[in-house]
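Notes follow the structure.
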Amino acid sequence: MSPSANSRTETLRALWPWLPLWTLVALLAIFSHGPMPLYSTRTLAVAWEMWSHSHWLVPTINGEPYSEKAPLLFWLIHAGWFVFGVSDVWPRVLEVLVGGTQLVLVSALARRLFPNRPWIARGAPWMLLALSYAFLFGQQIMYDVLLAVWALAALLCLTPKIDRAEPRWLLFGLCIGAGLLTKGPVMLLHVLFPWLLGPLWNAWAREHRARWYGRGLLAVLLGGAVLLAWALPAGFSGGEAYRQRLFFTQTAGRVVKGLQHAQPLQSHAHPSWWYLIYLPVLMFPFSAWPRASVALVIALLQKPWRSGMPLALALMAVAGLGLLSLLAFHWHAPQLEHLLMLLLLVPLLVALLRQPLEPGLHFLLCWLLPTFLVFSLISGKQAYYPLPEFGGGVMLIAAAVAILRERRPVLADNPWLGTWPLGIGGILFAAFLFALPNLVAGNHLHGEWFDGAAAYSRSFGVAFLLLGGLLLVRGRGEMRRLAVAGLLATLALNTLFTLALWPKYDLAPSSRLLGEADIAQHPIGYVGNYDGQFHFEGRLLHPITELFGEQAVRDFARAHPDGLIVDHPEKLDAQALRYALLVQPFRSSWMVIWPATSLADVYSGRSPPELSQPPRIYPVPEGRYRSQP
């Protein structure tokens, strides 16, 4: 067999069995229920409007240009629709394919960064597939997993191969351009720090600084040119307001809190310490694995310390106490929060980069810590924004565990550092699931999740009992047992959600009714902000009018007496159950579709005319109506 054939065989063997396992579980999870409002339905609505109106250049939603995202994901959805026809099957398969590609790239990048530690390349994808939040969010038809693929591909182009030390600058620039076309300028935040700090981790960059920065700058400019090749014609085609949002306020409103009120942007403002609080959740279950925490401390803080490490740790302690004080006393001081975050992370980064760590660890530190700091300082925050860095996080944990095995074999085998806390947690959760039906029946516990899950909880209690027992097993293969248990537990929770709560998220009944009305040329209004949740499922071809206030409802009914209006009340009343066209639960509230004139009559204090047919009232758990006033 030729060397190239041997290489291909080894590559395929490296993907077994984690890639088939993840693909099977991901397909089961993503097809267990329909597209999730409002994440997936908004993406599909934009793709549908572009497709149905042949708007290939400018994304649109509800008839207006959509400046929030660049078009690459929509174009990939269109490519599948061109081949397979319009449905929600291809977009979901596409998300699974993109997620699998992310796992493969994490393995390849780990192999490139740690060529002498093959266990890291084998372990990192297992860890990534087990991250509960990343798995669940990866089932949404969204942009961030695709962005993670381009970020990881760009970083792979930046790292040295055995037979080539210089980065592949052309591919680096093209990957940056693809990331920019996926989610805009935020792509640069995910890849620039490893390039800017290249001499701190890359020998070729230290020896050829001029070429590193010169050719790297050209690659970044190439990526920007790829984005501008779309953005410039799109900006002129979409009009002045779209151009202003696309080039200026869309990004600035997320970065600078003071700009978020200029236009209705999706800014998602949170305090600077927000990501620190959610980091254990984002990295679960490995954040609850004692061996991972000990390994990180030993790998990164190994002695002898270089000068500056004690000072860095002292500054970190002061900053940590300051942040805890802000949290404890509920003080909101943005400038002080920024300062404390800088004191927490900058001295640590400087001190760690002075430590005699191997180049792969220096690369991960140059990537993760500055990116985490900038994301923390930016006003707009969502848990999925740093999704491309999840791969770097699991590589850091895998590298730390590998170093622990090599340098501290006693700690690497210490049973007290094993997965037993997670095993006990799984067993306790199983006990709770077994007791849940009795707690609900005895009126000791109530809520959307509890009431819906009670009918199925004992079956899932058996599953979590078995998974908890698996995590109490000691011996070799601990990390893989944890990864498999984490993946299957996440699948079990997703399945429980599907059985218990998906009917309260499924907008298909409302969407079908609105689709029929749209075909019949009946205008549609929506009370409040409309996020595109009906357009794809109902295959709507006309925009829905947003209505704010009772007078707007009356004006719409006067102008469109044959129209329909969608209301989203927190509670139902007797008039909705008598005069509306359709009533269905949605999350913890309701979705009610009215004849426009009937809702206007209700708002005016008049009794609407009786309908020729009774309202379509969709089944809900027993007693749901009785709880309404």
Side-chain angles (χ1 to χ4, degrees), residues 106-107 109-128 130-131 200-201 279-280 283-314 316-317 320 345 347-369 390-425 470-486:
V106 164
S107 179
L109 185 57
R111 188 177 300 109
R112 192 78 60 83
L113 292 174
F114 302 96
N116 298 322
R117 299 182 188 276
W119 185 88
I120 300 174
R122 293 195 298 268
W126 279 103
M127 291 184 174
L128 183 58
L131 294 182
L200 298 176
W201 62 269
L279 188 60
M283 297 306 296
F284 186 84
F286 296 99
S287 56
W289 184 25
R291 201 177 317 280
S293 302
V294 172
L296 285 171
V297 172
I298 290 176
L300 298 180
L301 300 180
Q302 56 184 305
K303 293 184 177 182
W305 288 346
R306 297 283 178 88
S307 61
M309 179 62 78
L311 177 60
L313 294 177
M316 283 183 61
L345 295 179
L348 176 65
L349 174 63
V350 173
L352 288 177
L353 291 178
R354 290 173 54 85
Q355 289 290 99
L357 304 177
E358 54 192 278
L361 288 176
H362 276 160
F363 171 90
L364 293 174
L365 293 172
C366 290
W367 174 24
L368 297 176
L369 286 183
F390 287 14
V394 297
M395 276 188 276
L396 184 61
I397 295 174
V401 172
I403 293 172
L404 182 72
R405 290 178 169 183
E406 177 183 301
R407 298 179 183 173
R408 302 287 185 88
V410 174
L411 288 178
D413 295 329
N414 190 318
W416 291 106
L417 299 180
T419 56
W420 63 268
L422 288 159
I424 292 176
L470 176 65
L471 293 175
L472 293 178
V473 175
R474 294 168 52 183
R476 293 175 58 85
E478 178 182 68
M479 184 276 295
R480 290 195 182 187
R481 286 196 298 275
L482 175 54
V484 170

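- Counting all heavy atoms, side chain and backbone alike, Ser287 lies closest to Ser293 at O-OG, 4.5 Å.
- A search for ring pair (Phe, Tyr, Trp, His ring centres under 6.0 Å) contacts involving Phe114 returns nothing, not counting sequence neighbours.
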Item to complete: Run the numbers on Phe286 and Leu422 for side-chain contact (heavy atoms from CB on, under 4.5 Å), then give the verdict.
Response: CA-CA 9 Å; Phe286 296 99; Leu422 288 159; over 6 Å; no
Item to complete: Could you go through the side-chain contact (heavy atoms from CB on, under 4.5 Å) check for Cys366 and Leu353 one step at a time?
Response: CA-CA 8 Å; Cys366 290; Leu353 291 178; 3.7 Å; yes
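- Pro421 and Ala288 get closest at one heavy-atom pair: CB-O, 4.3 Å.
- When every heavy atom of Ile397 is checked against every heavy atom of Ala292, the shortest pair comes out as CG2-CB, 3.8 Å.
- Applying the side-chain contact (heavy atoms from CB on, under 4.5 Å) test to Leu311 and every residue at least two apart in sequence or in another chain returns Leu315.
- Formation of a donor-acceptor pair under 3.5 Å by the Arg481 side chain with backbone atoms of Gly475 is found in this model.
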Worksheet item: Going through the checks in order, is the side-chain contact (heavy atoms from CB on, under 4.5 Å) test met by Leu361 and Trp201?
Response: CA-CA 8 Å; Leu361 288 176; Trp201 62 269; over 6 Å; no
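- How far CG of Asn414 is from CZ of Arg474: 9.0 Å, rounded to the nearest 0.5 Å.
- Considering only residues two or more places apart in sequence or on other chains, Leu369 meets the side-chain contact (heavy atoms from CB on, under 4.5 Å) condition with Leu345, Leu348, Leu349, Leu352, Leu365.
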Got a list of side-chain donor-acceptor pairs under 3.5 Å for residues 399-413, not counting sequence neighbours?
{"residue": "Glu406", "atom": "OE1", "partner": "Arg117", "partner atom": "NH1", "Å": "2.7"}
{"residue": "Arg407", "atom": "NH1", "partner": "Gln302", "partner atom": "OE1", "Å": "2.4"}

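- Side-chain atoms of Ser107 never come within 3.5 Å of backbone atoms of Pro125 as a donor-acceptor pair (strictly under, hydrogens ignored).
- Once rounded to the nearest 0.5 Å, the distance linking CG of Leu482 with CG of Leu470 reads 9.0 Å.
- Closest of all the heavy-atom pairs between Ala351 and Ala312 is CB-CB, 3.7 Å.
- The backbone N or O of Gln355 sits less than 3.5 Å from a side-chain atom of His362, completing a donor-acceptor pair.
- Taken to the nearest 0.5 Å, the CD1 atom of Ile120 stands 11.0 Å off from the CG atom of Leu109.
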Worksheet item: Given Phe363 and Arg112, is the side-chain contact (heavy atoms from CB on, under 4.5 Å) satisfied, shown in steps?
Response: CA-CA 11 Å; Phe363 171 90; Arg112 192 78 60 83; over 6 Å; no
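- Taking CE of Met395 as the start and CG of Leu128 as the end, the distance is 8.5 Å to the nearest 0.5 Å.
- At a threshold of 4.5 Å between non-hydrogen side-chain atoms, the residues Met127 and Val106 do not count as touching.
- For Pro359, there are no side-chain contact (heavy atoms from CB on, under 4.5 Å) partners, not counting sequence neighbours.
- Note on residues 286-300: pairs passing salt bridge (Lys or Arg N to Asp or Glu O under 4.0 Å), not counting sequence neighbours, are Arg291-Glu478.
- Considering all non-hydrogen atoms of both residues, Ala485 and Leu471 come closest at CB-CD2, 3.8 Å.
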